[in-house]
Peer 1: 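Structure incoming, see below.
The basis for the numbers below is simple: all heavy atoms, side chains too, and nothing from hydrogens, waters or symmetry mates.
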Amino acid sequence: YKGTVYPWHCDEMGHMNVMWYVGKFDEGTRHFFHALGLTPMFLRANDRGMAAVEQVIEYKRELLAGDIVAIYSVLHEMKDKVIRFAHEMRKADTDEVAALTTLTAVHLDKAARRACSFPESVRKKGAALLASS
């Protein structure tokens with residue numbers, strides 16, 4: 001994922017506010033899920049969803065209005081119904097790490113309102129990502 005820090009993302013200190021770090025990580029998550037096959041089309045067509053159950057964030061450096069950021073994602077673990085992955089947010093012009101996050105999420109059957117197994121196609125893409133890292 002690539003994005004920009006806009007002035008309205010900044011707090012009274014002039015730095016990107018923590019809520020926007022979370023938002024940019026969420027945008028990175030959407031791209032990461034898409035690469036796994038968890039596309040909006042798939043989720044809607046199958047009445048499925050994803051829900052974060054844990055997120056840990058480390059802030060490494062402050063970002064300012066006008067900064068360009070890139071988020072790189074890595075899969076750490078994929079179980080039957082649970083996925084654990086991480087994002088690294090970098091300031092694009094200096095390649096400095098601005099923030100790191102690790103997330104745990106579950107695949108949901110929205111009708112039953114409970115966790116369900118990932119489809120085989122998603123598990124295969126996850127296995128390929130794990131093998132390549």
Side-chain angles (χ1 to χ4, degrees):
Y1 166 81
K2 294 180 181 179
T4 303
V5 178
Y6 290 100
W8 58 86
H9 294 154
C10 298
D11 58 22
E12 66 278 359
M13 302 278 293
H15 307 124
M16 187 165 75
N17 186 274
V18 296
M19 70 182 268
W20 294 101
Y21 283 86
V22 173
K24 292 192 181 298
F25 280 135
D26 185 59
E27 290 173 4
T29 296
R30 300 298 170 181
H31 287 268
F32 180 64
F33 284 171
H34 193 277
L36 288 169
L38 296 167
T39 65
M41 184 183 296
F42 166 81
L43 296 171
R44 285 185 210 114
N46 294 282
D47 205 18
R48 296 293 187 251
M50 294 295 296
V53 295
E54 181 178 56
Q55 182 171 11
V56 176
I57 302 175
E58 297 176 59
Y59 300 99
K60 300 295 188 179
R61 79 172 310 288
E62 294 162 331
L63 294 169
L64 307 173
D67 284 343
I68 304 296
V69 298
I71 296 177
Y72 301 93
S73 308
V74 62
L75 178 60
H76 285 302
E77 179 180 36
M78 186 172 222
K79 296 181 179 178
D80 183 46
K81 302 173 186 179
V82 178
I83 186 170
R84 192 170 58 83
F85 58 98
H87 296 306
E88 181 178 80
M89 183 184 298
R90 292 184 168 269
K91 191 170 179 283
D93 58 346
T94 63
D95 207 35
E96 294 173 278
V97 175
L100 305 164
T101 190
T102 303
L103 295 106
T104 303
V106 296
H107 185 231
L108 297 174
D109 178 326
K110 289 173 32 180
R113 310 224 9 109
R114 60 180 359 153
C116 64
S117 299
F118 286 107
E120 183 63 27
S121 60
V122 171
R123 286 197 300 271
K124 283 183 180 180
K125 287 180 181 178
L129 280 177
L130 285 167
S132 69
S133 61

Peer 1: Which distance, rounded to the nearest 0.5 Å, do you find between the OH of Y21 and the CD of E62?
Peer 2: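 Answer for the OH-CD pair, Y21 versus E62, is 6.5 Å.
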Peer 1: Within this structure, what is the CE-CE distance for the pair M16 and M19, rounded to the nearest 0.5 Å?
Peer 2: 11.0 Å
Peer 1: Any chance you could measure T104, atom OG1, to Q55, atom CD, to the nearest 0.5 Å?
Peer 2: 9.5 Å
Peer 1: Kindly assign one of parallel, tilted or perpendicular to the pair F33 and F85, based on the angle between their ring planes and the thresholds 30° and 60°.
Peer 2: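 Correct class here is perpendicular.
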Peer 1: Taking V97 as the starting point, is it possible to reach Y72 by hopping between hydrophobic residues whose side chains are less than 4.5 Å apart?
Peer 2: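 Different clusters.
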Peer 1: Do the ring planes of H31 and Y1 sit parallel (below 30°), tilted (30 to 60°) or perpendicular (above 60°)?
Peer 2: tilted
Peer 1: Working note: R48 + D109, criterion side-chain contact (heavy atoms from CB on, under 4.5 Å); need CA distance, chi angles, decisive distance, verdict.
Peer 2: CA-CA 5 Å; R48 296 293 187 251; D109 178 326; 3.2 Å; yes
Peer 1: Between A86 and H76, which heavy-atom pair has the shortest distance, and what is it?
Peer 2: CB-NE2, 3.3 Å
Peer 1: Linking I/L/V/M/F/W/Y whenever any side-chain heavy atoms sit under 4.5 Å apart, do L103 and W20 land together?
Peer 2: no
Peer 1: What are the two closest non-hydrogen atoms of M50 and A105, and how far apart are they?
Peer 2: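 For M50 versus A105, the nearest heavy atoms are CE-CB, 4.0 Å.
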Peer 1: Could you check whether any side-chain heavy atom of K24 comes within less than 4.5 Å of a side-chain heavy atom of H9, counting everything from C-beta outward?
Peer 2: yes
Peer 1: Would you give the length of the straight line joining atom CG of L36 to atom NE2 of H107, rounded to the nearest 0.5 angstrom?
Peer 2: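 Between L36 CG and H107 NE2, I get 11.0 Å after rounding to 0.5 Å.
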Peer 1: With the 4.5 Å side-chain cut-off for hydrophobic clustering, are L75 and F42 part of the same group?
Peer 2: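 Linked, L75 and F42 end up in one cluster.
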Peer 1: How far does NZ of K91 sit from CG of L64, to the nearest 0.5 angstrom?
Peer 2: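 Taking NZ in K91 and CG in L64, the distance rounds to 7.5 Å.
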Peer 1: Between D80 and R123, does the side-chain contact (heavy atoms from CB on, under 4.5 Å) criterion hold? Intermediate values first, please.
Peer 2: CA-CA 8 Å; D80 183 46; R123 286 197 300 271; 3.9 Å; yes
Peer 1: Would you check if I83 and F118 make a side-chain contact, meaning some heavy-atom pair closer than 4.5 Å?
Peer 2: yes
Peer 1: Using the rule that two of Ile, Leu, Val, Met, Phe, Trp, Tyr join whenever any of their side-chain heavy atoms come within less than 4.5 Å, decide whether V5 and F25 are in one cluster.
Peer 2: yes
Peer 1: Tell me, do H87 and L100 make a side-chain contact under 4.5 Å, heavy atoms counted?
Peer 2: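 They are not in side-chain contact.
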Peer 1: Would you mind reporting whether T102 and R84 have side-chain heavy atoms less than 4.5 Å apart?
Peer 2: yes
Peer 1: Does NE2 in H34 sit with more than 12 non-hydrogen atoms of other residues, nucleotides or ligands closer than 6.0 Å?
Peer 2: no
Peer 1: Using a 3.5 Å distance criterion without hydrogens, assess whether the side chain of R90 forms a donor-acceptor pair with backbone atoms of A70.
Peer 2: no
Peer 1: Could you measure the distance from the NZ atom of K124 to the CE atom of M78? Nearest 0.5 Å is fine.
Peer 2: 13.5 Å
Peer 1: Side-chain contact test, heavy atoms from C-beta onward, threshold under 4.5 Å: evaluate it for K125 versus L129 and give yes or no.
Peer 2: no
Peer 1: Indicate, with yes or no, if I57 and L63 share a hydrophobic cluster defined by side-chain heavy-atom contacts under 4.5 Å among Ile, Leu, Val, Met, Phe, Trp and Tyr.
Peer 2: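 Yes, one cluster joins them.
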Peer 1: Given 3.5 Å as the limit, does a donor-acceptor pair link the side chain of T101 with the main chain of V56, or not?
Peer 2: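 Answer holds: yes.
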Peer 1: More than 12 heavy atoms of other residues, nucleotides or ligands under 6.0 Å from CZ of R30: is that the case?
Peer 2: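 Atom CZ in R30 is not crowded, with 12 or fewer foreign heavy atoms closer than 6.0 Å.
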